[in-house]
Amino acid sequence: MGHRPKKLKETLPGLSRLIRRFWPQIQKQGGLLILSCVALLLETALRLLEPWPLKFMFDNILLKGFQPAPVPVLGQLSAVTLLSLLCLGLVAVAILRGAMAYFSTVGMAIAATHVMTEIRGNLYSHLQRLPLAFHSKAKSGDLITRVTYDIERLREATVTAALPLITNLLTLFGMLGVMLWMNLELALIAIAVFPLFILVSLYTTRRIQTVARTQRKREGAMAAKAAEAIGAIKVVQTLSLQTMLEGAFAKQNKKSLKEGAQTQKLSAGLERTVEILVAIATSLILWRGVQLVMQNAVTPGDLLVFITYLKTAFKPLRQLAKYTAQIAKATASGERIVDLLDTVPTIRDLRGARPAPSFEGKVHFNNVSFAYDAGAAATLRKISFTVQPGQQVALVGPSGGGKSSLVSLLLRFYDPLEGQILIDGHDLREYTLDSLRQQISIVLQESVLFAVSVRDNISYGCLAATDAEIEAAARLANAHDFIQALPQGYDTILGERGATLSGGQRQRIAIARAAVRRSPIVILDEPTTGLDQENEHEVNEALTRLTQGCTTFLISHNLKAIEQADLILYLENGQLLEQGTHRQLLALGGRYAALYALQSSVGVGIQQRRSPLDPQPYLLN
Ligand code: ADP
């Protein structure tokens with residue numbers, strides 16, 4: 001019991017934080033919510049009225065002798081008229097109450113759905129705007145659960161728990177009020193059972209909430225694990241990790257089952273306790289009430305109202321525990337949503353950012369240093385170089401040297417710790433993110449295609465592209481012919497991750513996607529690694545056309561492929577050790593020259609790092 005106040009303190013701020021956070025969305029549904037509340041109040045009043053026709057039948061018709069003070073109007077009516085009126089009243093109250101309950105439930109449900117749909121939309125767009133630094137740490141399965149499951153749980157709780165909870169509490173207090181007005185002594189007996197009930201219910205609810213929270217966390221972790229394993233199914237099967245992963249999953253699954261069973265047990269136990277409390281209260285009231293009736297202090301009808309109220313008021317109380325548990329769970333879900341919404345994107349448009357003009361393509365890195373985590377060792381150290389518009393820059397050096405990190409700074413996936421990156425003489429951060437990224441195209445080693453048509457996949461490069469522009473881009477990318485040969489041509493829907501195309505074909509669609517953007521800056525991150533000779537040739541041809549006249553950043557392990565570059569940057573350990581043209585670097589006789597000599601002696605095969613684990617589906621098609 002000692003923990004109870006702390007727990008209450010914990011739940012309520014959570015709830016009020018949710019309401020405050022979502023207030024703008026709730027406010028938009030204001031009209032509907034007010035109407036629903038009015039219906040709700042009327043419903044409560046009608047519920048209070050329900051046993052009264054019965055009371056009058058008892059006191060004014062059946063047992064006239066017990067009547068302590070005649071009710072003015074009812075007394076003058078004949079017994080039959082009165083009976084008919086009361087019977088009609090009984091039905092009328094039931095119908096009206098039903099109608100009001102219907103309006104309040106439907107109204108609330110519609111309002112809640114509107115609110116949640118809006119929040120879900122906000123959450124989704126917020127998620128998409130969170131920087132890579134966030135996404136590389138977050139588990140995608142967990143994020144997906146928040147957008148789908150947690151939101152749904154919150155919506156459901158408003159309609160199936162919060163609304164009945166409010167109705168029941170109103171009814172409860174209404175009934176207590178009427179009871180106090182009718183007979184103080186009997187009312188106090190009913191109230192006496194209350195504290196007991198509240199203690200029991202709060203204690204159990206607290207335990208349910210704790211278990212539910214753990215379970216919720218576990219389910220998020222399980223979804224993340226499943227998503228990870230399914231995403232890497234090829235690796236999992238190749239390494240025969242299924243059994244091991246199944247075992248780990250089964251363990252979590254079992255724990256979640258146990259927790260689920262525990263919450264069920266707790267709430268079922270609570271319901272039984274409340275039933276016993278109702279029985280105790282009823283018998284206490286009867287014990288004293290019947291004596292009062294015999295002393296003519298109350299009428300039998302009054303006693304009838306009391307007993308009915310007790311049952312009606314306590315019945316919802318039994319569910320009060322269920323509702324509070326459900327609300328507690330939903331609050332936990334809601335907090336997960338708010339936590340996510342409150343994650344501020346570190347990479348965003350700075351104040352005063354303006355849309356970028358059309359770039360010429362001059363790129364200047366001025367003493368740029370960068371680290372993925374503040375405090376961690378720097379990934380890039382004091383990098384400086386300049387590229388003129390239309391030039392090709394090649395980034396070479398051992399893996400982990402910082403090549404990909406360098407180009408991700410250009411896309412402003414991250415901001416440098418020190419130094420500046422200038423395009424056409426202006427700091428990247430002066431421009432809005434969208435307008436900056438719009439002018440940069442990128443082709444990666446493993447291109448991601450979406451499970452939509454080929455046409456849409458290409459148009460994702462530039463949503464405004466016309467069909468003719470899409471086709472032109474596909475031709476440029478050497479992709480038009482094979483696309484035409486697909487079952488539905490440009491309208492063929494690609495399998496998830498583009499699994500129905502060969503690696504080379506996927507690359508060419510990715511090149512078409514880059515081409516349709518017509519951006520002045522192009523980034524190629526080992527786009528031909530892993531392709532066979534024939535595919536490589538086709539892709540290279542496409543790339544040459546794509547990069548025509550563009551400032552191009554090319555990351556490559558194959559030094560032969562970059563001999564013609566206007567500028568070669570040799571990166572190792574985050575440092576730019578050498579820069580210059582192929583000739584200059586050979587003449588320098590440093591790292592680049594050594595690497596070049598090594599590659600020449602073993603042939604070009606070095607970059608053909610193909611292995612059975614490589615996720616590209618060469619053999620499908
Ligand atoms: P390269 O492209 O030359 O192989 P990268 O730029 O990918 O090199 O990596 C440079 C260094 O930064 C490596 O030590 C790598 O482990 C680290 N790194 C890359 N991406 C991340 C990331 N998202 N979070 C933390 N460290 C990273």
Side-chain angles (χ1 to χ4, degrees), residues 127-140 142-143 224 228 231-232 343 345-347 363 365 367-385 387 392-419 421 428 433 437 440 442-448 510 521-530 552-559 561-562 565 567-579 585 590-592 594-596 598-599 606-611 613-616:
L127 258 185
Q128 302 226 77
R129 273 168 187 71
L130 283 174
L132 283 195
F134 170 85
H135 282 288
S136 61
K137 288 204 189 80
K139 302 187 189 80
S140 60
D142 179 60
L143 296 182
E228 188 184 70
T343 312
T346 43
I347 302 284
V363 176
F365 270 60
N367 237 345
V368 171
S369 296
F370 166 69
Y372 280 99
D373 287 303
T379 301
L380 293 173
R381 276 174 258 176
K382 300 200 179 301
I383 307 281
S384 294
F385 65 90
V387 197
Q392 188 181 56
V393 201
L395 295 143
V396 299
S399 289
K403 303 181 289 291
S404 305
S405 307
L406 191 148
V407 295
S408 65
L409 293 185
L410 191 60
L411 283 158
R412 241 196 115 202
F413 284 148
Y414 307 91
D415 281 334
L417 280 184
E418 280 171 36
I421 301 168
L428 292 186
L433 270 180
R437 291 180 184 162
I440 303 178
I442 180 157
V443 181
L444 298 169
Q445 180 182 341
E446 197 204 336
S447 295
V448 174
I521 300 175
V522 178
I523 296 171
L524 309 175
D525 193 344
E526 305 189 47
T528 57
T529 303
T552 308
F553 288 78
L554 170 64
I555 299 179
S556 179
H557 279 94
N558 180 2
L559 299 191
I562 56 135
L567 177 68
I568 297 172
L569 305 177
Y570 182 91
L571 280 164
E572 194 175 316
N573 267 333
Q575 280 171 302
L576 179 52
L577 294 183
E578 297 169 12
Q579 60 173 306
L585 292 187
R591 309 275 178 131
Y592 176 83
L595 191 63
Y596 188 78
L598 180 73
Q599 280 200 8
I606 277 184
Q607 88 287 4
Q608 302 277 357
R609 315 173 294 185
R610 206 182 308 157
S611 84
L613 301 186
D614 199 311
Q616 295 195 38

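What you see is a predicted model; the values in this text were computed from it and never measured. Indexing begins at 1, ligand by ligand and atom by atom, following the structure's order. Computed over heavy atoms, backbone and side chain alike; hydrogens, waters and symmetry mates excluded.
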*asked:* Checking Ala224 now: which residues fulfil side chain to side chain contact (heavy atoms under 4.5 Å, CB included) with it, not counting sequence neighbours?
replied: Lys139
*asked:* Checking the side chain of Glu578 only, and the main-chain atoms of Arg591 only, is there a donor and an acceptor separated by less than 3.5 Å?
replied: yes
*In chain order, what residues pass the side chain to side chain contact (heavy atoms under 4.5 Å, CB included) check against Gln575, with sequence neighbours excluded?*
Arg381, Leu577
*Show the protein residues that qualify under the rule heavy atom under 4.0 Å from an atom of ligand 1, listing them in chain and number order.*
Tyr372, Thr379, Pro398, Ser399, Gly400, Gly401, Gly402, Lys403, Ser404, Ser405, Tyr414
*For Tyr372 and Ser405, does a side-chain donor sit closer than 3.5 Å to a side-chain acceptor?*
yes
*Keeping the roles fixed (side chain from Arg437, backbone from Leu411), state whether a donor-acceptor pair exists under 3.5 Å.*
yes
*By ring-ring contact (aromatic ring centres under 6.0 Å, His included) - contacts of Tyr596 (at least two apart)*: His582
